[in-house]
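Right, one structure below, let's go through it.
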Amino acid sequence: MKILVPVKRVVDYNVKIRVNADGSGVDLANVQMSMNPFDEISVEAAVRLKEAGKAEEIIVVSIGPAKAEETLRTALAMGADRAILIETDGVVEPLAVAKMLKAVADIEKPGLVIVGKQAIDDDSNQTGQMLAALMGAAQATFASKIELDGDILKVSREVDGGLQSIEVKLPAVVTTDLRLNEPRYASLPNIMKAKKKPLEKKSQSDFNVDLTPRLKVLKTEEPGGRKAGIKVKSVAELVEKLKTEAGVL
Ligand code: AMP
């Protein structure tokens with residue numbers, strides 16, 4: 001069985017992001033970029049299935065600028081076998097991403113597609129669900145544990161107040177939650193080996209997908225700063241302030 005894992009190049013989660021002066025978006029100049037953290041979890045999940053003898057090949061795919069090749073190389077160093085870069089020159093919204101992934105899935109015919117539950121730059125949480133619909137495949141979202149038994153995938157999902165266990169039949173699309181696993185670091189020898197693994201380059205024009213944005217960002221704002229705290233002298237004063245100032249009692 002093949003596993004397809006989409007990986008997105010996003011601003012590194014450790015970076016303190018700056019909003020453009022005109023509020024049109026986030027300043028990406030000279031900013032450290034990395035693999036979307038949920039996609040690292042997806043790659044790790046795929047590698048573990050392969051190590052357990054339950055998958056033969058892991059194909060990673062990224063839709064983005066030429067530099068997304070670095071992200072794909074990281075995934076190859078973690079254990080993926082082959083990479084596909086679909087070069088695009090602007091923002092590609094989740095529906096267009098899902099349509100391109102569907103085109104790749106039509107060619108590769110994966111039994112399982114492991115998608116991050118959300119990209120930390122747009123926080124859309126749309127791609128996996130739309131891809132499952134386009135593929136006509138089963139979907140299991142927000143997986144915190146997966147177990148493959150033949151063509152049945154058992155998935156635990158964190159829901160309000162507990163865990164839900166479900167089963168889906170392959171082919172399926174799974175979206176990964178934070179607690180699914182702890183992704184491995186790519187070792188230096190594996191980083192070197194990854195340079196020789198196959199990476200196929202395609203262009204957005206190879207796909208008959210309408211990339212016209214359907215969404216317009218009106219404004220981007222930084223979160224407001226936190227107000228300084230105060231010290232109270234007694235419990236009575238605390239209760240009074242909670243009632244009159246904070247309005248929480
Ligand atoms: P989103 O729906 O944008 O929050 O993204 C959810 C997931 O879809 C990500 O974690 C990736 O697995 C996948 N994805 C989104 N955009 C891309 C992209 N440009 N290239 C590859 N995978 C993507």
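On a predicted model such as this, the values are computed, not experimentally measured, just so you know. Atoms within a ligand are numbered from 1 in the order they appear, just like the ligands themselves.
- Within the 4.0 Å heavy-atom shell around ligand 1 one does not find Val92.
- Within the structure, the closest approach of Val61 to ligand 1 falls below 4.0 Å when heavy atoms are considered.
- Panel note: side chain Asp210, backbone Thr212; a donor-acceptor pair is recorded below 3.5 Å.
- In this comparison of Asn125, Leu131, Val7, the heavy atom closest to atom 4 (O) of ligand 1 sits on Asn125.
- By heavy-atom distance, the residue among Gly128, Pro6, Gly116, Ser62 lying nearest atom 22 (N) of ligand 1 is Pro6.
- The nearest heavy-atom contact from the protein to atom 15 (C) of ligand 1 is Thr127 OG1, 3.7 Å.
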Might you work through the side chain to side chain contact (heavy atoms under 4.5 Å, CB included) test for Thr88 and Phe207, ending with a clear yes or no? CA-CA 11 Å; Thr88 54; Phe207 296 82; over 6 Å; no
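- The protein heavy atom nearest to atom 13 (C) of ligand 1 is Val115 CG1, 3.8 Å.
- A salt bridge between Glu245 and Lys227 is absent, with no side-chain N of the basic residue lying under 4.0 Å from a carboxylate O of the acidic one.
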Check step by step if side chain to side chain contact (heavy atoms under 4.5 Å, CB included) holds for Ile166 and Gln164. CA-CA 7 Å; Ile166 59 166; Gln164 184 190 49; 3.9 Å; yes
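- Protein heavy atom nearest atom 19 (N) of ligand 1, with residue, atom name and distance: Ile63 O, 2.7 Å.
- At a 3.5 angstrom cut-off on N or O pairs, Asp123 does not count as close to ligand 1.
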Please determine whether side chain to side chain contact (heavy atoms under 4.5 Å, CB included) holds for the pair Asp121 and Val11, giving the CA-CA distance in whole Å, both sets of side-chain angles, and the decisive distance to 0.1 Å. CA-CA 7 Å; Asp121 52 359; Val11 173; 5.6 Å; no
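- Of all protein heavy atoms, the one closest to atom 16 (N) of ligand 1 is Lys8 CD, 3.4 Å.
- Residue contacts with ligand 1, taken as heavy atom pairs separated by less than 4.0 Å, involve Val97 solely via side-chain atoms from C-beta onward.
- Looking only at side-chain heavy atoms (C-beta outward), Ile120 and Pro37 come within less than 4.5 Å of each other.
- Put simply, the side chain of Thr176 gets close to the backbone of Phe38: a donor and an acceptor are under 3.5 Å apart.
- Between Lys117 and ligand 1, a contact under 3.5 Å exists for no N or O pair.
- Side-chain N or O atoms of Lys201 include none that pairs as donor or acceptor with a backbone N or O of Glu87 at under 3.5 Å.
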